[in-house]
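The structure appears below as structure tokens.
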Amino acid sequence: MGGNLMENRIHNFSAGPAILPVPVLKQAQKDLVALPSLGMSVMEISHRCKAADEIFETTERNLRELLQLPENYKVLFLQGGASLQFSMVPMNVLRGEGRSADYILTGSWGEKAIKEAKKEGTTRVVWTGKESNFVRVPTNEELELSADSTYVHFTSNETIQGVQFASEPESGGAPLVCDASSDILSRPLDVSRYGLIYAGAQKNIGPAGLTLVIIREDLVAKSAENLPTMLSYRVHVENKSLYNTPPVFAIYIMMLVTRWLLEEIGGLEKMGEINRRKAGLLYEVIDASGGFYRGHADPASRSLMNVTWRLPDENLEKQFVSEATKLGLDGLKGHRSVGGIRASIYNAMPLAGVQALAEFMKDFQRKLG
Ligand SMILES: *Cc1c(COP(=O)(O)O)cnc(C)c1O
């Protein structure tokens, strides 16, 4: 055992589960066997003990501070991933007389979300980028919003295509519901526009097994009465996410991640600046490559979290991935449905990692372009 933790680390560009901040991993390692105040591992304690309470409360407090959450928003620590939220959202909010929901489809995850919503109630696609291969988000003028929708669902960042909203879409007065799995806490949000925000933790804010839900009180009140207990937002709100055993260790890691954002990064404004700078480095190389690298997304819809691009042919893409891997730049193969290259550069990816990738891209083009 022992050795330098940093020595063995490569640059992890995987889309998820994904890179975590090194100070978070080191803190977790340091306290893994016994939290100093406790003499037990976080993995060994009751979810109803005082120490667990403090972990949940601190995590919530950090999230509230980072996102400037108003009092009438509840924070839930759930399980089942963002994928279960595809069902839970409509089961809770869409079931009921006269309700309907508008869905904006900008990529693969949005398609999965509406597939589940259709099983629960009336849905309308108010814009889809499918015919044009999901290369952009819509303008507000293009949205054919319903006059009376219960909510408007969108995916703030489509992880597979690398297409991101630069700001919230118009919703015609209806609350926005957002799958923010791959860009939550990557920049400031205007929370007051949202009724509900959900995110699987494993992209940007923690390990797999934990799902964050932020829900406005009036949407909690809409929860259908006859839902299975574990699928009811009202039950989870009333029990402060403790109806059953929550993933205590994963919440503890999220506590460390949110503390890192507050204390080492300095908040979401700063994080957003850093993320813009990181993504800018890669898009600059793409744009300066004279067509050797072709970005998937339209420039105005480019993701700051998942940068996606193609090379002139698939053999070159394979070679790119394999040479990058040899240099310790890992996880760059694009999703099988889109192909090409995807560099996921979440909050925890240091500038140095992105710089190393940008240099490699230039070298690769010089050699094979
Ligand atoms: C990864 C991802 C999901 C799926 O998350 P799970 O936690 O695996 O269910 C859903 N939406 C987006 C935007 C994602 O990036």
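Just so it is clear, the structure is predicted and the values come from calculations on it, not from any experiment. Order of listing sets the numbers, starting from 1, for every ligand and every atom in it.
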>> Starting from Val235 and following side-chain heavy-atom contacts under 4.5 Å between hydrophobic residues (I, L, V, M, F, W, Y), which residues can be reached?
In response: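 Val235 clusters with Met230, Tyr243.
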
> For the residue pair Phe360 and Phe320, is the inter-centroid distance of their aromatic rings smaller than 6.0 Å?
Replying inline: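 Yes - the distance between ring centres of Phe360 and Phe320 falls below the 6.0 Å cut-off.
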
>> Under the side chain to side chain donor-acceptor pair (under 3.5 Å) test against Asn157, which residue among Ser181, Ser186, Ser182 passes?
In response: Ser182

Under 3.5 Å, is there a donor on one side chain and an acceptor on the other for [X] and [Y]?
X      : Y      : result
Asp102 : Ser146 : yes
Asp179 : Gln85  : no
Tyr151 : Tyr194 : no

>> Show me, by chain and number, every protein residue that has a heavy-atom distance under 4.0 Å to ligand 1.
In response: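 Within 4.0 Å of ligand 1, the protein residues are Gly81, Ala82, Ser83, Phe86, Trp109, Thr155, Asn157, Thr159, Asp179, Ser181, Ser182, Gln202, Lys203.
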
